[in-house]
Visitor: 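Before I ask anything, let me first share the structure, which is written out below as structure tokens.
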Amino acid sequence: MMLSTKLPVSMAKVAAPGQSARPVACPTPRVAGAGSARRLPVARATSTEGDEIALLEKALSIAKERAAKAKTAAAAPAAAAGGYSGPAFAIKTFNAISPVGLERFPAGKYVVSGDDAKLPASPMAIMLRSHQLKQEEVPPTVRCIVRCGAGVNNIPVPKMTELGIPVFNTPGANANAVKELVICGLLLASRGILEGNKYTEEVIYKEENMDYDKVAKRIEKDKAKFVGCEIEGKTLGVVGLGAIGGRVVNAALALGMKVVGYDPVLSLDAAWKLPGDRMGRAESLEELLKVSDYVTVHVPYIKNATHHMINGANLKLCKPNVSFLNFSRGEIIDGEALLDMYKSGRMTGKYVSDFADPFLSGHPKHLVIPHLGASTEEAEDNSAAMAADTVKDFLETGTIRNSVNFPQTVLPPKPGHVGGRLCIVNKNEAGVLGQITTFLGTQKVNIEQQINTSRGDIAYTVLDLSKIDDPAGLQDGLAKACPGVISSRFIGNMFDDEMGKPGTFFYVKWASS
Ligand SMILES: O=C(O)[C@H](O)COP(=O)(O)O
């Protein structure tokens with residue numbers, strides 16, 4: 001809110017953020033002027049000089065208080081945005097994203113909405129959960145996509161890589177929620193919990209006509225139909241030992257299970273969290289399947305890698321009463337092959353999942369629930385908060401962390417440096433970096449510091465440059481001179497006080513040609 005100094009206080013201009021100022025009437029205390037007969041209404045009733053001074057002082061203090069409040073309100077949007085005064089970053093959401101994450105975007109600096117009409121401009125980032133993102137939903141202004149969660153199989157990642165768009169996820173943010181459901185899944189597989197509940201509601205209640213005494217007797221008598229087994233002492237095979245798998249290992253050990261793990265691409269970070277001396281390590285998936293009473297999968301779904309990872313060939317190696325838990329993605333287990341095993345009587349264990357299967361729907365061994373793995377308040381909050389921080393970091397500083405298709409890239413600002421930061425996505429080909437630096441040299445632009453990283457066919461270059469007068473012109477020239485540049489984004493011109501603006505100009509090759 002802005003108070004105009006040119007107008008009388010009673011007609012101050014008030015402008016809400018994003019609205020033009022318009023005059024409004026403000027109640028103003030009427031005070032006595034020198035030699036004036038005007039009095040505050042209450043002053044007439046208490047007419048001593050002392051009373052009048054006291055009242056005038058009170059009126060003055062009220063007026064001062066009101067002015068101070070107005071000043072604080074006027075400063076509020078800027079304070080929330082950390083003093084930022086540039087155009088707002090527009091972020092498009094799909095799915096309901098936890099407010100805990102959305103609140104991390106300072107008001108005034110960001111506008112985040114699922115409704116295009118509410119965004120000030122075409123979005124620069126997309127934030128989503130399980131929405132199946134189509135390429136046509138990604139306009140050229142979008143410079144990054146963040147998945148509030150782990151799985152990114154709802155995003156066309158290879159296409160986004162080709163277009164030079166980093167895709168981020170939030171590894172570990174919902175891991176505890178999934179782990180707890182896996183423990184529940186172990187018990188659902190070992191005891192007749194869901195079957196017994198279904199039987200009570202659909203058979204006993206009906207047959208006994210809700211007569212309490214009869215229902216109570218039947219519940220005792222029919223318990224023999226649902227005898228289970230205990231998980232203590234049994235072997236759990238954990239396929240994938242990342243954030244979720246690692247937690248499952250520790251929880252299962254605490255419940256007295258034996259654990260064997262398999263992960264051909266185990267990271268060093270994940271390995272540190274495993275109780276190496278208390279769990280077995282399988283050298284192959286086959287080895288794990290042979291010894292396990294329960295198998296739980298915690299790997300991402302990748303079409304040519306983990307599709308039908310559990311299939312007809314390796315199911316034959318399993319113990320006949322093995323139970324499978326799948327809280328990762330339905331396609332990791334070949335439901336048709338499992339159905340064949342059930343039909344032939346070679347397998348008797350259960351298949352517990354929060355994903356449907358086209359071949360096993362309705363099969364009594366397939367205990368299926370809605371996709372609830374990450375559906376806890378805590379997980380939704382954690383994932384949204386981590387996603388928001390990741391996007392902010394990328395948009396404001398060019399930093400790449402937790403991307404599934406771009407290399408990790410962090411270039412801390414150089415203390416005291418004044419200049420511009422240019423983030424370039426380029427082809428990972430010989431000579432491209434040379435073209436970029438040569439071009440900048442011809443423009444008399446000095447590179448103060450830089451980082452160049454690559455992953456597969458894509459490379460990412462962050463350059464801290466001397467002060468740039470015409471960023472759009474520089475980007476245009478760069479694009480013409482360097483065919484290997486896919487897109488470039490200019491972040492700010494003065495690191496100390498302006499870094500973090502959306503950028504004056506985006507060059508996006510695939511949208512420009
Ligand atoms: O990939 C994930 O993180 C989980 O499957 C959760 O997905 P959701 O955010 O759609 O619940």
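In listed order, ligands and their atoms are each counted from 1.
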Visitor: Could you list which atoms of ligand 1 come closer than 4.0 Å to a heavy atom of A374?
Guide: 6 (C)

Visitor: For H371, is the nearest heavy atom under 4.0 Å from an atom of ligand 1?
Guide: yes

Visitor: Which atoms of ligand 1 are found less than 4.0 Å from any heavy atom of G149?
Guide: 3 (O)

Visitor: Say whether C148 and ligand 1 are in contact under the criterion: heavy-atom distance to a ligand atom below 4.0 Å.
Guide: yes

Visitor: To the nearest 0.1 Å, how far is atom 10 (O) of ligand 1 from its closest protein heavy atom, and which atom is that?
Guide: S130 OG, 2.3 Å

Visitor: At under 4.0 Å between heavy atoms, is it the side chain or the backbone of N174 that contacts ligand 1, or both, or neither?
Guide: side chain

Visitor: With heavy-atom distances below 4.0 Å as the criterion, list the atoms of ligand 1 near R329.
Guide: 1 (O), 2 (C), 5 (O)

Visitor: Which label fits F105 and Y110: parallel for a plane angle under 30°, tilted from 30 to 60°, or perpendicular past 60°?
Guide: tilted

Visitor: If we ignore hydrogens and angles and just use 3.5 Å, is the side chain of N169 paired with the main-chain N or O of R147 as donor and acceptor?
Guide: no

Visitor: With no hydrogens and no angle check, is any side-chain donor or acceptor of D263 less than 3.5 Å from a backbone partner on L241?
Guide: yes

Visitor: Any idea how H363 and Y342 line up, ring-wise: parallel (<30°), tilted (30 to 60°), or perpendicular (>60°)?
Guide: parallel

Visitor: Starting from atom 11 (O) of ligand 1, what is the nearest protein heavy atom, named by residue and atom, and what distance separates them?
Guide: R129 NH2, 2.8 Å

Visitor: For R147 and ligand 1, does the shortest N/O to N/O distance drop below 3.5 Å?
Guide: yes

Visitor: Taking NZ, NE, NH1 and NH2 as the nitrogens, is one of them in K234 or E232 under 4.0 Å from a carboxylate oxygen of the other?
Guide: no

Visitor: Check this for me: does any side-chain nitrogen of one of E396 and K109 sit under 4.0 Å from a carboxylate oxygen of the other?
Guide: yes

Visitor: Using a plain distance cutoff, I'd like to know if G151 has any nitrogen or oxygen under 3.5 Å from a nitrogen or oxygen of ligand 1.
Guide: yes

Visitor: So, N452 and T461: side-chain donor and acceptor under 3.5 Å apart, yes or no?
Guide: yes

Visitor: Taking both backbone and side-chain atoms of A150, is any N or O found less than 3.5 Å from an N or O belonging to ligand 1?
Guide: yes

Visitor: Without swapping roles, check the side chain of T306 against the backbone of M309 for a donor-acceptor pair under 3.5 Å.
Guide: no

